[in-house]
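We name chains A, B, ... by the order of the sequence lines, and we start the count at 1 in each one.
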Amino acid sequence: MFATEQNCWFIRKVVCWRAAASIAWAVLLLPPITAVFVIFSRFSLLHPIQTISECLSLLMSASAIFSFILLCGVILMVGFLNLEYYTVIPTIACSKIALLGQLLHPRQFVSSLVHCIMGIIVAWCCAVTIGGRYETLCYPCTQSDGSPQMCLNEYHLILLLAGAFVGLSHSLLAVIYNLNYVSFHTVQQYKYLHFKGSLPLVIKCSTTQALYFIRNYIVVYFFLGYIPKAWICKTLSLHLNSSAHPLDSVAGLLDLSLLYHLWISASFLLFTWYITVLLFRIFITEGCSFPVQSSFTEDAHQCLPKVLTDKQPMILKFLALHDLALLSQHSPSRRYEVFSLSQPGGHPHNWNAISKECLSLLADLTQRLVAYHDTVATNGRAKSLSTGSERKTSSESSGTDEPNSPRPTLLMRTPASVFARSIVGGPQSPLTAPFTPDIDSPFASPALRRLTAPVQQCSPWYGTVQSPHIMRRAPKLWSTSTDSQVGGSWPPSPTSVSSPKQESSKPSLLTQFLQNRKEQVKHFLAKRVLIMYLFNKLPEASSQALFADSQAHIWALEGLSYLVQASFSEDQFGVVQTTLPSILSCMLVLQEAVDRHFKLPHASSKPVRSTSSMEDSSYKTLRFALRATLKTAIYRITTTFGDHLKAVQMSAEHRKRLQQFLEYKE
Amino acid sequence: MCSLALFPPPLPCGQTTLCESNNELLPGSNIEDRLKDSSPLSLYFPRESLKLHSRTESSSSSKAVFLDHSETLWMRSAAAWRDGGFTGLLNEITNSNSEVPKWMSVSSGCILALLRWVSSFHGSWFPHLTLSCEDMIAEFSQVLNWSDCVVRAFAWHPHTDKFAVALLDDSIKIYNPKSATTPTLKHRLQRSVAAVQWKPLCASALAVACQNCLLVWHVDPCSLSTRPSSGCAQVLSHPGHSPVTSVAWSPNGSLLVSASPMDTAMMVWDVAAESCVPLQRVGGGGVTYVSWSPDGSHVLSSTPSALFRVWETRMWTCERWPCVKGRCQSGCWSPDGSRLLFSVQEETVIYALTFTDAPGVPTSTSKGPQAAAVVADLSETTFNTTDGDIIVGGEIQSLAWDPRGERLAVLLKGDPQAAARPAVIAVFKTRTNPIFELLPCGFVQGEPGAEPRLMQFHPNFQHGALLTVCWSTGRITHVPFYFLSASVNCFGLTRSPSLPCPQERPDDFANQSLFTELIS
């Protein structure tokens with residue numbers, strides 16, 4: 001994977017250098033951070049002068065330099081992992097099982113293992129730096145009968161294990177909270193100021209996070225601490241000092257100095273890693289200026305119109321769109337190049353390429369939203385062709401609105417679709433199955449649920465008739481855009497589904513039996529609480545997943561609208577006029593789709609904001625940002641052109657919609 | 001340099017300023033006549049009609065009424081920690097000395113005293129930190145005598161003829177001449193409204209600066225509801241960022257900037273995502289007033305000490321502008337964003353700063369001006385009128401520049417004790433080409449006993465400029481200035497290309513008569 005990406009000039013020339021610079025800065029910042037850590041870890045209130053002189057001599061010692069080299073290695077590794085695992089489009093798990101799948105993915109397993117080992121290394125460095133009773137793993141002691149032997153130093157062990165635990169927790173939390181997601185800031189700042197502004201947050205995050213990790217670690221060590229202790233003693237043939245307190249006891253763990261040292265070491269570890277992540281994010285999201293057109297053909301692949309259309313790598317596309325949004329807003333000279341005509345021929349190639357790419361991005365999103373809406377709308381009940389655009393999606397309304405709807409059919413599908421989620425909505429697909437508060441949710445009314453079971457058991461044609469439909473329906477219900485049938489051309493009448501006449505080809509007895517068993521197993525599983533917990537959709541996750549890459553759409557909208565606005569006074573050849581109708585209709589169609597999406601349950605509920613975590617939760621609110629940007633973009637065009645828009649060709653419906661915008665009534 | 005001595009004398013008592021026509025301000029005497037045929041947008045909020053809730057009781061006394069006192073110490077400590085933070089917890093421990101060990105209450109008392117001593121030290125460095133919340137808003141608000149004001153904030157919608165009025169009873173009303181409904185916005189957190197502003201390029205969003213947070217209302221213009229639910233409001237808050245005294249939307253509608261005198265950071269909000277970026281700089285001790293230049297390239301942010309900053313919005317770097325005497329009280333931008341006029345507390349002059357860099361030049365390091373120039377002197381001037389001597393002049397409360405850049409309104413504080421020194425609005429004619437000039441126009445006066453508190457220009461008035469004034473009596477009047485924009489053509493060429501305002505196009509003046517016309 002990494003090898004294929006290497007081929008791109010952008011990765012080679014820009015991204016790698018940016019990552020290298022961020023790692024270099026992180027390494028440069030390591031000495032002051034270590035010095036602060038040393039001072040904090042050895043500080044004694046009674047002898048401040050002595051502490052400082054001790055710290056200075058310690059920092060000069062050979063062991064300190066050796067552990068410093070180790071720490072540099074760790075930082076390099078963290079930086080490399082950042083570069084390898086970063087993403088600009090977050091992966092959003094739509095159910096608990098998908099999240100579990102992410103956590104157990106081999107790639108993630110490697111990352112966890114590496115983090116664990118790095119945690120041990122950092123903890124070892126901390127142990128050496130703190131010194132005293134933490135310094136070595138074993139020490140000479142005398143047994144009760146007086147014979148000398150080597151004993152295990154449990155203080156050293158507890159620190160090393162704490163490092164491993166924190167490293168592991170960090171890598172797991174990174175998956176859960178999308179720590180490898182790199183978001184672009186709404187406000188551009190110079191790198192130094194950006195770093196300076198984020199530094200207090202990083203300090204706060206690392207110390208509080210360390211507190212939580214150490215709390216969990218102490219609980220784990222209290223119950224399971226004897227296992228690693230015994231194992232180490234066995235493999236290294238060490239002994240346990242019977243005169244010393246065992247640390248996996250209440251008295252042993254209530255040592256304040258030990259807790260403080262555990263906490264400060266964990267904070268140091270997390271702080272160095274978070275700083276590396278922060279620097280990486282700052283460097284990688286720095287704006288990048290692409291030339292609009294180049295006079296040399298060999299540079300043509302680096303020009304904005306070409307770069308915009310590239311599918312891979314994603315970071316390149318994002319930076320190009322970011323640059324487009326900036327140039328359309330701030331730079332008249334570069335806008336002039338966009339509006340210019342090609343020298344022989346006089347074609348507006350630049351504008352055509354840019355507008356085409358932006359419009360295709362927006363159309364793609366519209367299509368996705370419409371497809372999603374269709375699947376959601378058909379979810380609670382069999383879709384009838386007559387349903388208009390105003391579909392109700394809640395199960396209650398489907399029950400009351402259509403008393404004739406075949407409820408048994410509807411309900412029998414339930415267990416199957418619950419299971420189908422796990423098959424189709426796999427852990428890796430970013431666009432996983434939708435969520436609706438339909439009846440197959442475990443929180444739906446228990447009455448309906450009870451109704452389900454008897455029907456399934458006593459229905460004579462159970463399994464034979466339903467199964468083919470379920471088989472056909474499963475991909476249709478739970479995949480979003482791949483299925484061509486999404487348009488809704490199958491079972492025209494819901495009642496026909498349950499009619500036995502539909503039974504055209506009789507399956508063999510064996511398959512029938514197998515199907516029967518399968519259904520029973522699924523049904524059995526669906527009733528178990530744990531299974532339901534795992535397979536149940538997380539609310540609004542599917543909505544988040546739908547808009548996961550919407551930052552690109554936001555920039556496309558901004559870029560297009562600013563360019564159209566500027567074209568009012570700057571476009572000398574009228575190149576924008578030719579595409580204005582398609583831009584407007586594209587935006588209006590998207591506006592309609594977005595409006596419809598926000599009428600779905602959970603789509604407009606706001607996520608809880610977390611302030612004290614390194615988690616970048618901006619992806620959770622991208623759909624709101626997109627909605628606001630879309631409206632502003634349309635208003636930008638309508639306020640600039642005003643009544644001139646009446647001369648633009650468009651359908652009557654769009655004209656009506658646009659009139660609303662012209663009158664400021666949206 | 002223009003001074004008040006060049007102004008025409010103020011109107012005699014009992015006469016009010018109606019409008020400007022043919023280059024002079026026309027007086028009107030009969031108030032009743034005027035009120036009869038005035039537009040429906042002239043409003044009157046009598047003080048008595050507002051239901052004021054008594055806000056004198058402090059939070060602790062109300063707590064004593066409601067909270068059950070038999071709670072355990074732990075519960076009370078937890079509540080104190082939640083409500084009042086660390087100092088609240090210490091207070092609670094110190095006060096309940098009968099239940100806690102003696103050493104604990106004594107030590108917490110000592111820590112509390114130490115904290116107070118340190119904060120008093122901090123407070124002596126920045127005296128505004130010792131003010132109460134309401135006093136602080138009154139001190140730094142653009143409204144004259146804010147705490148006594150019936151109309152506490154006012155905002156025209158940037159594109160349509162509707163406006164929002166924040167009243168003394170913490171409600172906001174939205175008036176639209178085209179619709180019969182006047183929505184009233186009320187929210188639990190909407191207290192002590194210091195400023196309101198409509199989002200540009202949007203029909204519905206209204207930002208409200210409140211005591212504890214920032215609210216963004218989404219008022220559907222087509223909705224018939226007169227009481228939008230509090231679900232229509234987004235609450236934007238950040239720890240330490242209260243009270244909010246000023247808000248400013250970026251002219252392209254994407255970002256919102258808010259300021260609080262207690263917070264040294266200026267917040268830049270992405271409202272849709274409800275995320276903010278604090279922009280922190282050393283010095284100043286807070287941010288009191290923010291104003292975005294109409295072309296979107298600069299932001300003025302003034303601090304409670306003698307220092308203000310001008311941010312450029314491309315990379316968000318700032319220039320520091322130390323003042324000699326007091327803090328920057330108010331400021332306004334020319335429509336093309338190239339010139340900033342500001343006033344300084346304890347000084348009676350208007351300063352101007354010119355930013356020559358064209359917006360959109362990729363280098364954000366272009367240096368601005370080196371020093372501010374004095375453009376007008378508003379020191380006290382005595383006019384002999386038939387009613388006796390009237391002294392006009394003094395410190396400046398707020399400045400407003402009309403969107404065409406032709407009229408500048410200056411709200412002068414006056415002296416509330418002396419009857420002969422009323423607060424007045426002085427209006428200047430401004431010219432930007434070929435050189436920047438201020439020419440006297442006249443004083444805007446209201447009915448006797450009414451003091452101007454707040455003023456704002458209509459953002460797109462077709463026939464000149466329209467100044468909306470909120471008076472101390474609770475009346476809101478609109479004073480039109482009819483003129484033909486002299487520099488509309490050359491201005492159209494020099495304006496920022498990124499912001500073509502439709503109302504500035506010459507074809508809008510085609511339907512206007514050759515002469516300036518009188519009010520109907």
Side-chain angles (χ1 to χ4, degrees), chain A residues 183 185-190 193-194 196-198 200-201 287 289 326-335 554 558 561-562 565-566 568-570 606-607 609 611 617-618 620-629 631-636 638-644 660-661 663-666, chain B residues 157-162 176 178-179 199-205 218 220-222 234-235 237-239 252-255 265 268-281 296-297 313-318 358-362 364 492 495-503 505 508:
Chain A
S183 76
H185 255 249
T186 43
V187 166
Q188 268 203 306
Q189 286 184 80
Y190 286 109
L193 295 170
H194 192 168
K196 203 177 78 174
S198 317
L201 181 74
S289 180
L326 287 179
L327 91 86
S328 63
Q329 214 177 131
H330 295 295
S331 170
S333 59
R334 294 177 70 200
R335 278 200 299 259
I554 290 172
E558 282 188 352
S561 63
Y562 277 115
Q565 186 189 37
F568 190 77
S569 52
E570 291 177 23
K606 298 260 177 191
R609 273 190 303 154
T611 48
S617 57
S618 60
K620 290 182 182 165
T621 48
L622 273 177
R623 58 183 187 279
F624 302 104
L626 179 93
R627 183 174 60 166
T629 312
K631 225 169 224 185
T632 310
I634 300 177
Y635 268 122
R636 189 169 290 135
T638 54
T639 20
T640 311
F641 283 80
D643 288 340
H644 297 290
Q660 293 273 310
F661 277 96
E663 289 167 4
Y664 293 94
K665 284 197 173 155
E666 266 300 315
Chain B
H157 191 274
H159 306 290
T160 54
D161 283 334
K162 69 175 173 186
N176 188 350
K178 287 187 193 137
S179 102
K199 177 179 175 178
L201 298 179
C202 183
S204 57
H218 295 271
D220 184 1
C222 300
Q234 272 178 289
V235 180
S237 64
H238 192 264
N252 58 25
S254 55
L255 298 173
V268 182
W269 294 91
D270 182 353
V271 173
E274 297 191 3
S275 64
C276 69
V277 180
L279 293 175
Q280 196 135 25
R281 291 291 183 276
S297 62
T313 58
R314 184 83 197 279
M315 295 303 282
W316 289 98
T317 53
C318 67
V361 172
S364 52
R495 67 157 192 252
S496 147
S498 65
L499 206 86
C501 307
Q503 76 272 13
R505 292 200 303 280
D508 281 342

Out of curiosity, [X] [atom1] to [Y] [atom2], how far, rounded to the nearest 0.5 Å?
X: Tyr664(A); Y: Lys162(B); atom1: OH; atom2: NZ; value: 11.0 Å
X: Ser254(B); Y: Ile554(A); atom1: OG; atom2: CD1; value: 11.0 Å
X: Met315(B); Y: His330(A); atom1: CE; atom2: NE2; value: 10.0 Å
X: Gln188(A); Y: Thr317(B); atom1: CD; atom2: OG1; value: 11.5 Å
X: Asp270(B); Y: His185(A); atom1: CG; atom2: NE2; value: 10.5 Å

Which bit of [X] is near chain B, if near means a heavy-atom gap under 4.5 Å: side chain, backbone, both or neither?
X: Glu666(A); value: backbone
X: His194(A); value: neither
X: Ser618(A); value: neither

Where is the tightest heavy-atom contact between [X] and [Y], given as atom of each residue plus distance?
X: Leu201(B); Y: Tyr635(A); value: O-CD1, 3.5 Å
X: Arg314(B); Y: Leu326(A); value: NH2-CB, 4.4 Å
X: Ala628(A); Y: Lys199(B); value: CB-NZ, 4.3 Å
X: Cys222(B); Y: Gln660(A); value: SG-OE1, 4.4 Å
X: Lys606(A); Y: Ala272(B); value: NZ-O, 3.8 Å
X: Trp316(B); Y: Val187(A); value: CD1-CG1, 2.9 Å

Check step by step if side-chain contact (heavy atoms from CB on, under 4.5 Å) holds for Gln189(A) and Leu279(B).
CA-CA 10 Å; Gln189(A) 286 184 80; Leu279(B) 293 175; 3.5 Å; yes
Contact between Thr621(A) and Glu274(B) at the side-chain level, heavy atoms closer than 4.5 Å - yes or no?
no
With chain A, the option among Gln280(B), His159(B), His238(B) that has the most non-hydrogen atom pairs under 4.5 Å is His159(B)
Counting heavy-atom pairs under 4.5 Å to chain A, which of Gly296(B), Cys202(B), Gly253(B) comes out on top?
Cys202(B)
